[in-house]
Undergrad: 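Let me begin by handing over the structure; questions about it come next.
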There are 2 protein chains.
Amino acid sequence: MDDSAPHLLHSIFAWLVGASQVLGVASVVLTGVWMGHYRGGFSWDGSEQEFNLHPLCMVLGLVFLQGDAILVYRVFRSEPKKNLKLLHAIIHLLALTLSIIGFVAVFDFHRAAKIPDMYSLHSWCGMATLVLFCLQWVMGLLFFLFPVASSWIRASYLPIHVFCGLVLLIMAIGSCLLGITEKLLFSITSTYALFAPEGVLANILGLLLVCFGMLIGYLTTRKEYRCLPNPEEESLSVHFKTLTEGGSPSSP
Amino acid sequence: MDDSAPHLLHSIFAWLVGASQVLGVASVVLTGVWMGHYRGGFSWDGSEQEFNLHPLCMVLGLVFLQGDAILVYRVFRSEPKKNLKLLHAIIHLLALTLSIIGFVAVFDFHRAAKIPDMYSLHSWCGMATLVLFCLQWVMGLLFFLFPVASSWIRASYLPIHVFCGLVLLIMAIGSCLLGITEKLLFSITSTYALFAPEGVLANILGLLLVCFGMLIGYLTTRKEYRCLPNPEEESLSVHFKTLTEGGSPSSP
């Protein structure tokens with residue numbers, strides 16, 4: 001291989017990670033501007049300002065932080081796995097806490113305004129995402145951070161955990177897009193079709209979220225950016241490869 | 001490896017493929033029922049019945065057929081690659097044709113009803129998906145079916161083509177969910193929150209589409225279900241591995 005190839009790969013990787021962070025932060029800022037400037041800001045009193053915390057918490061927690069928790073395994077891939085697992089779990093816990101605050105905010109607002117809960121596709125997808133996210137976090141904790149299962153079961157579960165993590169990020173982004181559409185059609189019904197600035201801003205927010213998800217997905221699935229092998233992972237890989245392929249073990 | 005393991009893997013694979021087809025067909029049928037029973041059926045005269053062709057064409061073309069075109073490489077993975085490529089391209093062409101009919105239907109309806117185009121997040125995501133889908137199809141044709149590029153470039157492009165294919169399927173499903181939400185909020189504004197049967201049916205359609213996407217994603221990304229190597233692919237792999245990893249070549 002050309003000597004410059006690893007350097008080029010690393011350089012592209014750094015740019016893509018940087019771009020993902022710009023997109024993530026921009027999404028959070030745009031959500032804040034939308035709710036703060038166009039929708040009257042934030043409060044915790046059952047009013048529409050309490051509802052405004054819902055989009056902010058979901059974009060910050062369930063999208064940006066969840067995405068970054070996944071990215072930990074790529075950005076710090078030469079660090080010891082134990083530290084990575086801990087950081088991954090802590091960021092996810094932060095994401096989960098923010099998401100629950102966001103959910104409480106919307107249910108509180110609905111109760112105060114006597115709006116029915118859980119009738120829309122947005123609410124169905126959002127609730128499914130949160131429930132599965134909790135499940136995934138607990139499973140991750142039990143399987144990898146305080147491993148109660150055998151190494152064979154952990155090795156079998158690892159690719160499912162990785163796949164489900166990406167699916168959950170995609171579901172979170174999808175739920176956000178549905179929420180953006182719902183909010184716009186409720187709030188600016190008559191001016192949305194006239195390209196009202198609020199509508200354009202929220203649409204751009206939607207596209208930024210899509211691009212953020214695409215970048216995280218790309219960085220996570222490209223094998224060049226995968227974690228460096230360590231003895232623990234290698235041992236898992238031995239079991240897994242032997243069981244599923246019958247081949248000789250190698251590092252993942 | 002235990003002798004029963006490959007048989008079990010094959011059996012799970014067959015069940016998952018079957019489930020994906022049930023979900024895909026159910027999605028198309030539900031879209032037909034929604035538009036046919038609740039929205040007044042189909043026609044081609046600029047009326048709302050012409051609009052009704054839009055969801056049907058998009059779910060059938062851009063979701064179900066696109067998903068099945070991707071699945072071809074897993075379901076018939078022991079067939080010659082050339083045949084698979086051709087089938088993959090043909091199903092995608094069918095998907096593209098249906099998608100264009102679906103797009104024409106909605107623009108026709110908008111023109112007749114004097115509704116502005118391209119203001120909503122659904123339209124932005126949908127248009128981005130179709131444009132990128134066309135680009136991906138043409139690139140696939142040039143790189144793999146009538147290969148004009150060198151084997152090195154083709155090998156480098158292959159993982160990007162695979163990644164973009166999955167992204168496009170996810171974008172198509174996301175756009176459908178946005179379309180479902182938009183349509184429900186326009187059509188049954190007052191009864192959606194009261195769990196009107198039409199709303200519940202359309203929400204279920206949304207969940208079926210999500211499950212379809214998850215299954216296709218799972219079947220496509222699990223390495224156990226990948227294509228069997230053939231001389232052509234092996235040759236690509238040699239180039240690619242040598243260039244990117246500096247390692248000894250092996251089958252993918």
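Small disclaimer: the values here were computed from a predicted structure and weren't measured. No hydrogens, no waters, no symmetry mates; every other heavy atom, side chains included, goes into these values. Within every chain, numbering begins at 1; the chains are lettered A, B, ... in the order of the sequence lines, protein sequences first and strands thereafter.
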Undergrad: What part of A:Y218 gets within 4.5 angstrom of chain B, counting heavy atoms only: side chain, backbone, both, or neither?
TA: both

Undergrad: What distance do A:L177 atom CG and B:S175 atom OG have between them, rounded to the nearest 0.5 Å?
TA: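 The distance works out to 8.5 Å.
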
Undergrad: Kindly compute the distance separating CG (A:L121) from CG (B:L205), expressed to the nearest 0.5 Å.
TA: 8.5 Å

Undergrad: Tell me, for A:I204 versus chain B, whether the close heavy atoms (under 4.5 Å) come from the side chain, the backbone, both or neither.
TA: both

Undergrad: Working to the nearest 0.5 angstrom, can you tell me the gap between B:T181 OG1 and A:E182 CD?
TA: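 It is 6.0 Å, given to the nearest 0.5 Å.
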
Undergrad: Identify which part of A:I180 has an atom lying under 4.5 Å from any heavy atom of chain B, answering side chain, backbone, both or neither.
TA: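 The answer is the side chain of A:I180.
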
Undergrad: Out of B:A193, B:P116, B:G206, which one racks up the most heavy-atom pairs below 4.5 Å with chain A?
TA: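 Of the candidates given, the most pairs with chain A belong to B:A193.
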
Undergrad: Please say whether more than 12 non-hydrogen atoms of neighbouring residues, nucleotides or ligands are located less than 6.0 Å from NE2 in A:H10.
TA: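 No, because the 6.0 Å sphere around NE2 of A:H10 holds 12 heavy atoms or fewer from other groups.
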
Undergrad: Taking A:N203 for its side chain and B:W124 for its backbone only, find out whether a donor-acceptor pair lies under 3.5 Å.
TA: no

Undergrad: Which atoms of A:F163 come close to chain B, meaning under 4.5 Å heavy atom to heavy atom: side chain ones, backbone ones, both, or neither?
TA: side chain

Undergrad: Can you measure from CG (A:L185) to OG (B:S120) and round to the nearest 0.5 angstrom?
TA: 8.0 Å

Undergrad: Sort A:T221 into side chain, backbone, both or neither according to what part of it lies under 4.5 angstrom from a heavy atom of chain B.
TA: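 Contact with chain B: side chain only.
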
Undergrad: Starting at OH of B:Y119, measure out to CG of A:L194 and round the result to the nearest 0.5 Å.
TA: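 Here the interatomic distance stands at 9.5 Å.
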
